[in-house]
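Worksheet: the structure to be examined is printed underneath.
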Amino acid sequence: MSKMKPLSLALLLSGCAAMSLAHAAPENAATETLRIPGLHKKAEILVDKWGVPHIYAASQDDAFFVQGFNAARDRLFQIDLWRRRGLGQLSEVFGPAYVAQDQATRLFLYRGDMQREWKSYGKHSEHVATAFVAGINAYVDYVTAHPERLPYEFKQLAYLPARWQAEDVVRIRSHGLTRNLTSEVARANVACKADLKSDEIRFGLTPKWEAIMPQGLDPCLPKDLLKVFGLATQNVKITKESLSTAADDHGAAIRIAAAENLEETMEGSNNWVVSPVRSATGRAIMANDPHRAYSAPSLRYITHLSAPGLNVIGAGEPALPGVSIGHNGTIAFGLTIFNIDQEDLYVYELNPANPDEYKYQGKWERFTVLREPIKVKGGAGSATAELKFTRHGPVIFVEKEKNRAFAVRSGWLEPGMSPYFGSIDYMRAKNFKSFKRAMLNWGAPTENQVYADVKGNIGWVPGGLAPKRPNWDGLLPVPGDGRYEWAGFWTGDQLPSTYNPKQGWFASANQMNLPDDYPYRERKLGFEWTNNSRFSRISEVLASLPKVSLEDSMRLQNDDLAIPARRLGALLKPLTSTDAQTQAALDIFNSWDYVERVDSPQAALYEVWLSRHLGKAFKEAVLSKEAAAAMGAPDVAVLLDTLEQPQARFGADAAKKRDDVLLNSLGGAYAEMVKLQGEDASKWQWGKLHHNLMEHPLAGVVDEATRAKLNVGPLPKHGGAYSPNQSTYRPSDFRQTNGPSFRVVVDVGNWDNSRAVNSPGQSGDPDSPHYRDLADKWLNGEYFPLLYSRKAVEQATVQRIVLEPGK
């Protein structure tokens with residue numbers, strides 16, 4: 001907790017009843033001057049009309065200091081919550097309901113050698129992080145001295161923001177994306193209830209591969225095995241119940257802690273680069289739209305840093321220094337997930353005579369146990385986190401009935417794995433050679449990095465810590481007895497890459513993109529890749545254009561054509577039905593162009609069919625009852641391939657069985673649409689079902705009027721999970737869970753002509769004009785200029801914050 005002089009509760013809460021959410025700048029003031037201790041020389045923050053801060057500093061140290069100060073100025077509650085969740089310090093301010101989550105999160109902190117850690121990111125890393133957190137702390141000190149500037153959330157919850165240490169930036173790992181622990185458990189569950197062959201319906205493996213059961217593994221795993229892992233990786237759930245839970249109300253604490261179920265989510269992204277020979281501008285183009293979960297404020301934050309030797313603009317996460325997607329005036333760079341498998345679940349036999357020991361290489365080995373105090377608000381004092389580790393990683397479950405323990409080996413626990421922090425190195429690169437060199441040590445998340453430069457060169461460099469598994473494939477849990485050990489890591493130059501491809505463009509969308517000649521059987525990077533429909537559509541469009549313009553790229557980022565719908569439409573065209581509703585459904589489907597517009601009846605029918613009817617009917621037709629019950633929705637790629645080639649899995653009379661599945665499930669979807677939106681199918685609309693809600697963390701603890709001010713939405717939403725404009729949703733209520741909130745298209749060399757959008761807005765202050773001002777642009781596929789030159793920035797400036805060194 002902060003060592004600042006504490007404010008009284010009365011002062012903290014003053015003005016809350018009136019919902020006073022004061023913006024950081026004085027009313028109607030274009031310029032504000034602040035004296036800030038820790039700053040070396042005068043600096044400026046020019047905020048443009050879209051809320052993008054352009055930071056001008058006399059040195060790089062000052063630039064990162066001001067970046068931290070500005071991140072706190074605009075997103076203090078968000079980054080404070082990020083830090084508390086990541087370090088396991090929620091109970092200190094929210095109470096005993098969060099002890100379980102704090103304990104779980106601490107299991108996944110980096111606890112290794114800090115010198116190795118800093119070295120992993122390049123020679124400037126510790127220096128950059130130190131300057132950045134000094135800036136955050138300077139703003140924390142500033143709001144302490146000016147309590148009227150304290151963000152609304154702290155007043156509502158009656159606590160103060162904490163001060164940071166540089167290590168906080170990199171030791172926190174559980175916010176990042178690694179894989180494939182949850183899929184290992186899901187696959188084992190199918191194998192337990194049925195067999196591994198059936199699991200190919202749940203998740204199709206690529207390149208061609210068959211999972212093999214590790215020798216000695218009992219695949220029947222305990223029900224709550226992933227509960228601790230879920231707690232360690234989930235967002236913070238703040239509810240009235242959680243804030244009022246007493247220290248001895250264990251039942252409530254468990255209910256709150258388990259509020260978020262662990263589900264497979266489609267974290268994705270699109271990116272592409274176009275060379276001058278294929279570009280309408282005569283210059284290279286870089287486009288990127290990372291897909292993540294939605295929230296208010298946004299996960300991403302656009303920033304411009306300008307100092308001697310550094311001039312970079314783009315998006316990152318507000319709690320991290322630097323820029324991970326954007327350009328530096330010479331090169332442009334953008335990322336998507338490259339699906340390297342960085343996790344393994346280990347299963348141990350416990351010593352019947354001593355449960356503190358597990359078997360390894362024929363001998364009993366003691367768990368490492370750490371005990372750490374957890375401060376608890378509300379008169380509860382403190383709790384003790386007992387953290388248990390094997391040689392492979394943290395223990396997440398002990399199964400007494402079978403005398404087993406389970407631990408996770410994750411890339412998170414290796415040096416250099418702080419998510420996105422490695423961008424502080426590659427964002428300085430000036431050519432492909434230096435960019436590729438910076439990517440050699442990239443750890444997490446595992447990424448497809450695309451590259452474009454002012455000389456017209458384009459390229460692709462994937463990166464990520466890639467474990468060597470000499471005798472298994474990482475697809476199932478393995479015994480922790482010493483037979484299944486990582487043998488180091490594949491180096492960055494053992495991953496594929498490309499430079500100036502002949503076709504004049506390169507794109508990635510999380511699809512399996514290993515080259516045909518890549519030795520995947522030896523290197524076994526991963527076999528679980530995202531459905532290739534987005535990539536297929538992107539490739540289709542880019543290949544069809546003689547020249548690709550910025551406008552083409554923006555349209556493509558917002559493209560809602562669903563290739564799975566087109567493939568299903570081809571299967572439905574020859575079919576007819578004697579059932580009136582089913583024939584009506586066929587007629588509706590056959591009149592569609594497969595674009596999922598908000599007002600589309602066809603899109604509504606298609607999505608209800610795909611997510612609630614077709615998948616269930618398909619798996620029940622091709623699997624045993626036990627196997628079908630053991631998994632959720634089938635892999636849509638496998639579903640489509642099998643429907644197109646039914647003899648592979650449907651058996652005798654395959655085509656007829658396939659057609660029965662199609663017609664019966666489509667008729668069921670039509671009947672459900674009648675219940676949802678009425679008899680007149682011409683009035684059905686996808687946007688009446690499918691919606692986006694960007695929810696603030698405090699939405700569950702405030703009154704309705706305040707909630708409307710904090711949340712953005714619900715907004716009727718177009719698109720679906722498999723179009724470039726990804727719009728994954730919960731089938732239970734059609735609320736969008738995942739997709740692009742930040743989009744950028746870079747005109748490489750004509751930098752002021754670049755375009756971007758960030759939803760719902762740049763600011764985390766609900767009273768700021770930049771809190772939700774970009775939501776409509778995002779929804780409608782519109783962009784604003786991503787200004788880079790000082791002259792253009794000055795012309796668009798609406799707020800100038802002058803920072804001067806202070807004592």
Side-chain angles (χ1 to χ4, degrees), residues 86-88 101-114 116-117 120 170-185 188 214 217 221-222 224-234 262 340-350 355-361 364-372 385-399 404-419 443-446 464-470 472 474-489 526:
L87 292 177
Q101 186 170 358
D102 283 344
Q103 175 157 325
T105 304
R106 293 184 189 206
L107 286 169
F108 291 93
L109 281 170
Y110 176 72
R111 296 175 180 273
D113 181 272
M114 284 306 300
R116 286 187 62 199
E117 171 70 3
S120 300
V170 294
R171 289 187 65 228
I172 295 172
R173 303 289 166 84
S174 53
H175 291 282
L177 304 175
T178 60
R179 61 200 58 79
N180 67 338
L181 185 72
T182 55
S183 189
E184 285 186 25
V185 173
L217 175 70
L221 306 177
D224 291 331
L225 172 60
L226 291 178
K227 180 179 176 182
V228 167
F229 184 75
L231 287 173
T233 54
Q234 74 181 30
L262 202 70
I340 295 174
D341 176 1
Q342 294 184 314
E343 291 173 345
D344 283 304
L345 181 68
Y346 283 87
V347 186
Y348 307 88
E349 177 188 345
L350 295 178
D356 292 329
E357 295 179 339
Y358 62 96
K359 184 172 284 188
Y360 185 79
Q361 292 187 347
W364 298 115
E365 190 165 306
R366 292 188 66 84
F367 293 109
T368 298
V369 180
L370 301 178
R371 292 178 175 85
E372 295 182 350
E386 184 173 283
L387 310 173
K388 191 175 290 188
F389 301 85
T390 70
R391 60 171 46 237
H392 299 116
V395 175
I396 60 169
F397 197 89
V398 173
E399 186 183 24
R404 297 191 294 182
F406 301 83
V408 177
R409 182 159 195 188
S410 173
W412 275 338
L413 306 180
E414 301 292 329
M417 285 289 290
S418 178
T446 55
L465 190 76
K468 292 182 178 180
R469 298 179 177 90
W472 88 104
L475 291 169
L476 283 154
V478 290
D481 57 14
R483 290 177 293 140
Y484 297 91
E485 296 294 332
W486 292 1
F489 305 97

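Values in this document were obtained by computation on a predicted structure and should not be read as measured data.
- Between the side chains of Thr446 and Arg179, at least one donor N or O sits under 3.5 Å from an acceptor N or O.
- Residues Ser120 and Gly416 share a closest heavy-atom pair of CB-CA, 3.4 Å.
- By the 4.5 Å heavy-atom criterion applied to side chains, Trp472 and Glu485 are not counted as neighbours.
- Across Glu117 and Ser418, no two heavy atoms sit closer than the pair OE2-CB, 4.2 Å.
- Within the 4.5 Å cutoff, no side-chain heavy atoms of Asp481 are placed close to those of Glu349.
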- Task: Test Asn180 against Leu475 for side-chain contact (heavy atoms from CB on, under 4.5 Å), laying out the working first.
- Result: CA-CA 8 Å; Asn180 67 338; Leu475 291 169; 4.3 Å; yes

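- At distances below 3.5 Å, at least one donor-acceptor pair connects side-chain atoms of Gln342 with backbone N or O atoms of Leu465.
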- Message: As a quick check of understanding, evaluate side-chain contact (heavy atoms from CB on, under 4.5 Å) for Arg391 and Tyr346, giving each step before the final call.
- Response: CA-CA 10 Å; Arg391 60 171 46 237; Tyr346 283 87; over 6 Å; no

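- From Thr233, atom OG1 reaches atom CD of Gln101 across 9.0 Å, with rounding to the nearest 0.5 Å.
- Side-chain contact between Leu87 and Thr105: absent, with no pair of heavy atoms (C-beta onward) separated by less than 4.5 Å.
- In this structure, Val369 and Asp356 have side chains that are not in contact, with every pair of non-hydrogen atoms separated by 4.5 Å or more.
- Put simply, the side chain of Leu217 reaches to within 4.5 Å of the side chain of Pro477, judged on heavy atoms.
- Listed for the Arg106 side chain is a donor-acceptor partner under 3.5 Å among the backbone atoms of Gly88.
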- Query: Would Phe229 and Phe108 satisfy ring-ring contact (aromatic ring centres under 6.0 Å, His included), going step by step from the backbone distance to the final call?
  - Reply: CA-CA 9 Å; Phe229 184 75; Phe108 291 93; 5.7 Å; yes

- Carefully, step by step, assess Leu107 and Val408 under the rule side-chain contact (heavy atoms from CB on, under 4.5 Å). CA-CA 10 Å; Leu107 286 169; Val408 177; over 6 Å; no

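- Heavy atoms only, all atoms of each residue included: Met417 and Gly411 are closest at CG-O, 2.8 Å.
- Ile172 and Gly86 make their closest contact through CG2-CA, 3.6 Å (heavy atoms, listed as atom of the first residue, atom of the second, distance).
- Shortest non-hydrogen contact noted between Leu231 and Ala104 is CB-CB, 3.7 Å.
- Within 6.0 Å of CZ on Arg111 lie more than 12 heavy atoms contributed by other residues, nucleotides or ligands.
- Side-chain atoms of Arg483 do not come within 3.5 Å of backbone N or O of Gly480 as any donor-acceptor pair.
- The backbone N or O of Tyr110 sits less than 3.5 Å from a side-chain atom of Arg171, completing a donor-acceptor pair.
- Under the side chain to side chain contact (heavy atoms under 4.5 Å, CB included) rule, Pro394 has a single partner from Trp412, Phe406, Phe389, which is Phe389.
- Taken from OG1 in Thr178 to CD1 in Ile340, the straight-line distance is 12.0 Å, to the nearest 0.5 Å.
- Looking at Asp341, its side chain does come within 3.5 Å of a backbone N or O of Glu343 through a donor-acceptor pair.
- The closest side-chain heavy-atom distance from Phe367 to Leu350 is below 4.5 Å.
- The side-chain heavy atoms of Leu225 and Ile396, taken from C-beta on, include a pair separated by under 4.5 Å.
- In terms of the side-chain hydrogen bond (donor to acceptor under 3.5 Å, both in side chains) criterion, residue partners of Trp486 (sequence neighbours excluded) are, by chain and number, Asp344.
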- Task: Take Arg409 and Glu414, measure what salt bridge (Lys or Arg N to Asp or Glu O under 4.0 Å) needs, and give me the verdict at the end.
- Result: CA-CA 10 Å; Arg409 182 159 195 188; Glu414 301 292 329; 3.5 Å; yes

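- From Leu221, atom CG reaches atom CZ of Arg404 across 6.0 Å, with rounding to the nearest 0.5 Å.
- No close placement of the Tyr360 and Tyr348 rings is indicated, their centers lying 6.0 Å or farther apart.
- Between Lys359 and Trp364 the shortest side-chain heavy-atom distance falls below 4.5 Å.
- Put simply, the side chain of Asp224 never gets that close to the backbone of Lys227: no donor and acceptor are under 3.5 Å apart.
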